[in-house]
Amino acid sequence: MSAVLDGPAAKDAKHLGGITPGRGAGATPARNIFSLARRFVRGPEQDERWERPALLALLGGTAVLFLWGLDANGWANPYYSAAAQAGSQDWKAFFFGSFEWGNLITVDKTPLSIWVMSLSVRVFGLSSWSILVPQALMGVTTTYLIYRVIRRGFGPRTALFGAAVYATTPVVVLMSRFNNPEPLMGLLTVACVLVTLKAMESGRLRTFALAGFLLGLAFMAKQVQALLVVPALGVAVLAFSHGHFSRRLIQLTIAAGTLIATSLAWLVTVDLIPASRRPYIGGSATNSAVELTLDYNGLARFIEIPMNAAGGRASEGQNDAVPYAGGLPRLFNANFAQEIVWLLFAAMVCAVAIAVLFHSLDLAPEQRTVAAMSVLWFGSVLSVLCFMGTMIHTYYTYSLAAPLALVVAVGLSCLWRLRHRVVMRVFGATLLVASTYTVLRIMEYSDEWPFWARVSVVLTGAAGATLWLVPALSVKMPRVTLGVLLICLLSAPTAANLFTIAAARTGTNPMSGPVGNDPQSLSRLMVALNEGDIPWARQTALGAPPAATVKDLLRTRTLNQDWAAATYSAQNAALYQLESGRPIIPLGGWLGSDPAPTLDQFKALVAEHRIGYFIRQQDLLDRGGLSMHTVAISDWVDQHFVKQVIDGVTLYDLRD
């Protein structure tokens, strides 16, 4: 092995993935399955013999990490699992992303990720595996695409390292084992970046259109969050794309037009359908998909809004709002650090180094494009995460994982190639020492890290810094150097991932790694909720496990009704729906605060004998924050129907 990391000095064809020649028109097709298998494992003839096996090993290990014991997460986020169940039962529910297949209300997101899970459930049946396996496979595919992005400008070692950084980032492992929209958004966003790089090299307008289409689909998965890559792509196209500047403007216009058309297609279609012929758009105040996008999933994410402990908007009069904590320290606190910060300091330094040394690095055109785009993408996402408003979850740091992996891989590769300068050797060694210190500080947030783990971090960090500082050692022991650097940078986040896969992760705000030692930390709160503490918060964030007797009642005695029951919050309704196999109305949507259904609508449904039971949640009523319609429905039912208590559950039979 001639080098530990590939870098800008790699000018030969085998180090410029994406512009190397193919096998040639005269290549003889494989005549049997064994020849095909050998060719698959070996890879292209112009690649180094170890590259394809190493890539397959990385992707295989990633698949094991993402799939191991996956069913331990159960329904993961029941809210999305219930919508996937509904979509598998009814095509109307599928199209709108309805929570239940009676199509009264949708989830509060655009439905693309729900579509994927619904199709899986339709084919394989409803189970934890059918919902979560597609997410894991998306994570593995994204890892491969990260490799492809870096490989277009840099060598195989740098590309494999960047893919490994991405695959071991704790928030990536967490979300790849969960049913939130992040895995699909990440896959489509990175695919868009790769296609954009290809389009910039070829100048083909149809390829730019494809890039815009992919990013539009990413928007359909997680809306505004998917657009954080747009500034980086826009600047990269204008600065580095094929053709004159006027041609680049046309390319950018084509991509932007396709992006806008794809992003708006579902939103506009839904809003043009009369409200009487579709479900209410959950999360919106005016039953509008466009308003949902601009407000709840848009502007509201960037401003300071009082929040309650369960992550919802605090109602008037509540005094437990979470104070705004913006700026870079937000990501380094006990709640966010375990998700993304392991290599964040290194990424920030690498981004600054690439920017400062950009004109002196002697980068090839493909390398300049990848490097500049990576730094701009990383900076855009980092800025938004640091300064966005109070409606933020810790797993939003997933958006930073891909650009972080790119910046770290490209930046360390560039710094490695500059080790002939003493100042760069000192700089690189200092960077590794600082990263080691960052890891030790993150470990202080939990008492579950053993002492030997901390010692190992110090030893590997010292060894990595030494090998970086003394070039003679790394030249004589390239394989040892590579192994030490990988262990130094990736062992701690990989260890955090072992904590993640060892315990179930469910609910509204899953977190990776071990439980924190701060009694006020979010991870401790989630443990308390799982143990049944703070009943109203548990019902909001996780949902209370349905009583077996009530599940049987809903399953067997409501076959003549469109909905087996109505209740709140949505997580409670989701668990009843998933466990009983019967549709449940989540009154008021996600937090019970949407104006759907109204009291008059509910009365009409009851009069038509379309709802079986009403399940009252007194803890949530006492807590407040429900819409006036939800409270009015509860009061009306209590006044006109007989209350029953079965296994501690208060319910009313609405069938009479």
Straight-line distance of [X] [atom1] to [Y] [atom2], nearest 0.5 Å:
X      : Y      : atom1 : atom2 : answer
Asp71  : Ser130 : CG    : OG    : 11.5 Å
Trp342 : Thr438 : CH2   : OG1   : 10.5 Å
Ile392 : Cys386 : CD1   : SG    : 8.5 Å
Leu174 : Gln338 : CG    : CD    : 11.0 Å
Ile254 : Phe208 : CD1   : CZ    : 10.0 Å
Leu184 : Met138 : CG    : CE    : 4.5 Å

Quick check: Trp449 with Phe499 (ring centres under 6.0 Å apart)?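 They qualify: ring centres under 6.0 Å apart.
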Will you find, in the side chains of [X] and [Y], an N or O donor that is under 3.5 Å from an N or O acceptor?
X      : Y      : value
Gln223 : Thr293 : yes
Thr397 : Glu339 : no
Ser284 : Asp295 : no
Asn179 : Ser81  : yes
Gln539 : Asn572 : yes
Asn297 : Asp108 : no
Gln571 : Asn77  : yes
Gln225 : Ser399 : yes

Under 6.0 Å from the CH2 atom of Trp68, do we count more than 12 heavy atoms belonging to anything else shown? no
Taking everything shown except Tyr280 itself, do over 12 heavy atoms lie less than 6.0 Å from its OH? yes
Looking at residues at least two apart in the chain, or sitting in another chain, which of them share a ring pair (Phe, Tyr, Trp, His ring centres under 6.0 Å) with Tyr396?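 Per chain and number, Tyr396 pairs via ring pair (Phe, Tyr, Trp, His ring centres under 6.0 Å) with His393.
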Donor-acceptor under 3.5 Å ([X] side chain, [Y] main chain):
X      : Y      : result
Ser523 : Gly516 : yes
Asp90  : Ala86  : no
Thr262 : Gly216 : no
Thr106 : Gly282 : yes
Asp271 : Val290 : yes
Ser446 : Glu448 : yes
Asn73  : Phe178 : no
Arg505 : Thr500 : yes
Gln85  : Gln89  : no
Ser120 : Val116 : no

Would you say that [X] contacts [Y] through its side chain, given a criterion of any heavy-atom pair below 4.5 Å between the two side chains?
X      : Y      : result
Val193 : Leu145 : no
Arg152 : Leu194 : yes
Met200 : Thr196 : yes
Leu485 : Phe161 : no
Val165 : Leu489 : no
Thr143 : Ile146 : no
Leu227 : Leu259 : yes
Phe332 : Ile442 : no

For residues [X] and [Y], report the shortest heavy-atom separation together with the two atoms involved.
X      : Y      : answer
Val172 : Ala401 : CG2-CB, 3.3 Å
Leu331 : Val341 : O-CG2, 2.8 Å
Leu70  : Ala136 : CD2-CB, 4.5 Å
Gly87  : Arg122 : O-NH2, 3.2 Å
Gly139 : Tyr166 : O-CE2, 4.3 Å
Cys192 : Leu215 : SG-CB, 3.7 Å

Before giving the answer on ring-ring contact (aromatic ring centres under 6.0 Å, His included), spell out for Trp115 and Phe94 the whole-Å C-alpha distance, their side-chain angles and the decisive distance to 0.1 Å. CA-CA 6 Å; Trp115 290 353; Phe94 176 89; 5.5 Å; yes
Parallel, tilted or perpendicular: ring planes of Tyr79 versus Trp590, cut at 30 and 60 degrees: tilted
Could you check whether the rings of Trp266 and Phe95 sit parallel, tilted or perpendicular, using 30° and 60° as the cut-offs?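 Because their plane-to-plane angle lies in the 30° to 60° range, the rings of Trp266 and Phe95 count as tilted.
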With side-chain contact (heavy atoms from CB on, under 4.5 Å) as the test, would you mind laying out the steps for Val171 and Ser512 before giving the verdict? CA-CA 6 Å; Val171 71; Ser512 65; 5.6 Å; no
Phe219 and Ile260: CA distance, side-chain angles, deciding distance, side-chain contact (heavy atoms from CB on, under 4.5 Å) verdict: CA-CA 10 Å; Phe219 178 88; Ile260 294 171; over 6 Å; no
Any chance you could lay out the salt bridge (Lys or Arg N to Asp or Glu O under 4.0 Å) test for Arg151 and Glu51, step after step, and finish with the verdict? CA-CA 11 Å; Arg151 188 66 173 86; Glu51 181 179 354; 2.8 Å; yes
Under the criterion side-chain contact (heavy atoms from CB on, under 4.5 Å), I'd like the reasoning laid out for Phe387 against Arg330: C-alpha separation, chi angles, the key distance, then a yes or no. CA-CA 9 Å; Phe387 297 104; Arg330 162 190 277 172; over 6 Å; no
Answer yes or no for Arg301 and Tyr296: cation-pi contact, defined as NZ/CZ to six-membered ring centre under 6.0 Å and angle to ring axis within 45°. yes
Selection residues 164-181 - residue pairs positive for salt bridge (Lys or Arg N to Asp or Glu O under 4.0 Å), sequence neighbours left out: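 The answer is none; no pair qualifies.
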Here's a test for you: under side chain to side chain contact (heavy atoms under 4.5 Å, CB included), which of Leu385, Leu400, Val381 qualifies with Leu228?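 One option only clears the test, and that one is Val381.
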Working note: Tyr147 + Leu59, criterion side-chain contact (heavy atoms from CB on, under 4.5 Å); need CA distance, chi angles, decisive distance, verdict. CA-CA 10 Å; Tyr147 160 83; Leu59 296 179; over 6 Å; no
